[in-house]
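Accompanying notes for the structure given below.
Excluded from the calculations below are hydrogen atoms, water molecules and symmetry mates; all remaining heavy atoms, backbone and side chain alike, are included. For ligands, and for the atoms within them, numbers begin at 1 and follow the listed sequence. The first residue in the sequence is number 1, and the count goes up from there.
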Amino acid sequence: MEIKIKSESGIVPAYETAGSAGMDIRAYLKEPVELLPGQRALIPTGIYLEIPEGYEVQIRARSGLAIKRGIGLVNGIGTIDSDYRGEVKIALINWGDEPFVISNGERVAQMVAARYEKVEFTVAEELSETERGSGGFGHTGV
Ligand SMILES: O=c1ccn([C@H]2C[C@H](O)[C@@H](COP(=O)(O)OP(=O)(O)OP(=O)(O)O)O2)c(=O)[nH]1
Ligand SMILES: [Mg+2]
């Protein structure tokens, strides 16, 4: 699958290993940004995408930063829509207990391209019966 990309830094995200699902994305900053514990910030990447229709790009946390420093994404998983032409930004949050400084070029997140289904709803009065029914939220035990 091909994605057209405009990169202000000249850097194009790449797979680090042959089997990687995600490509690391780097911060594009004029000066470092400090995130105090509990603080969040929208980090620019200098990257603009033209994603083919039927695909999305997911922005996911890097587990090393998350485990070692408590750095995550405040929006869980970011969604880049195929019709979005603005700069890709990373919604970082510092869930750790120490300040975290983000420097230009630092790999702050990763992107995964994924196909998605477009849904058409059929409005109905009744849905089909199943063994589970409305059981959920641990009804089979924790
Ligand atoms: O982590 C993210 C999440 C979103 N976006 C951009 C691309 C996406 O296509 C657009 C809208 O994202 P979303 O639909 O999640 O946000 P919203 O709050 O619903 O905004 P909108 O009303 O513009 O859709 O913002 C990012 O750059 N990074
Ligand atoms: Mg939206």
key: Y84 side chain near T79 side chain, heavy-atom distance below 4.5 Å   = no
ask   = Are the side chain of E8 and the backbone N or O of I47 linked by a donor-acceptor pair below 3.5 Å?
value = no
query = Which pairs pass side-chain hydrogen bond (donor to acceptor under 3.5 Å, both in side chains) with one or both residues in residues 12-29, sequence neighbours excluded?
reply = T17-S20, D24-R107
task = With the side chain counted from C-beta on, respond yes when F100 and E34 share a heavy-atom pair under 4.5 Å apart, and no when they do not.
result = no
request  = Check each protein residue for a heavy atom under 4.0 Å from ligand 1 and list those that pass, ordered by chain and number.
outcome  = N75, G78, T79, I80, D81, Y84, E87, V88, K89
request  = Provide the closest heavy-atom pair for P44 versus L29 in the form atom of the first, atom of the second, distance.
outcome  = CD-CD2, 3.7 Å
Test item: T130 side-chain N/O and G133 main-chain N/O as donor-acceptor pair under 3.5 Å = yes
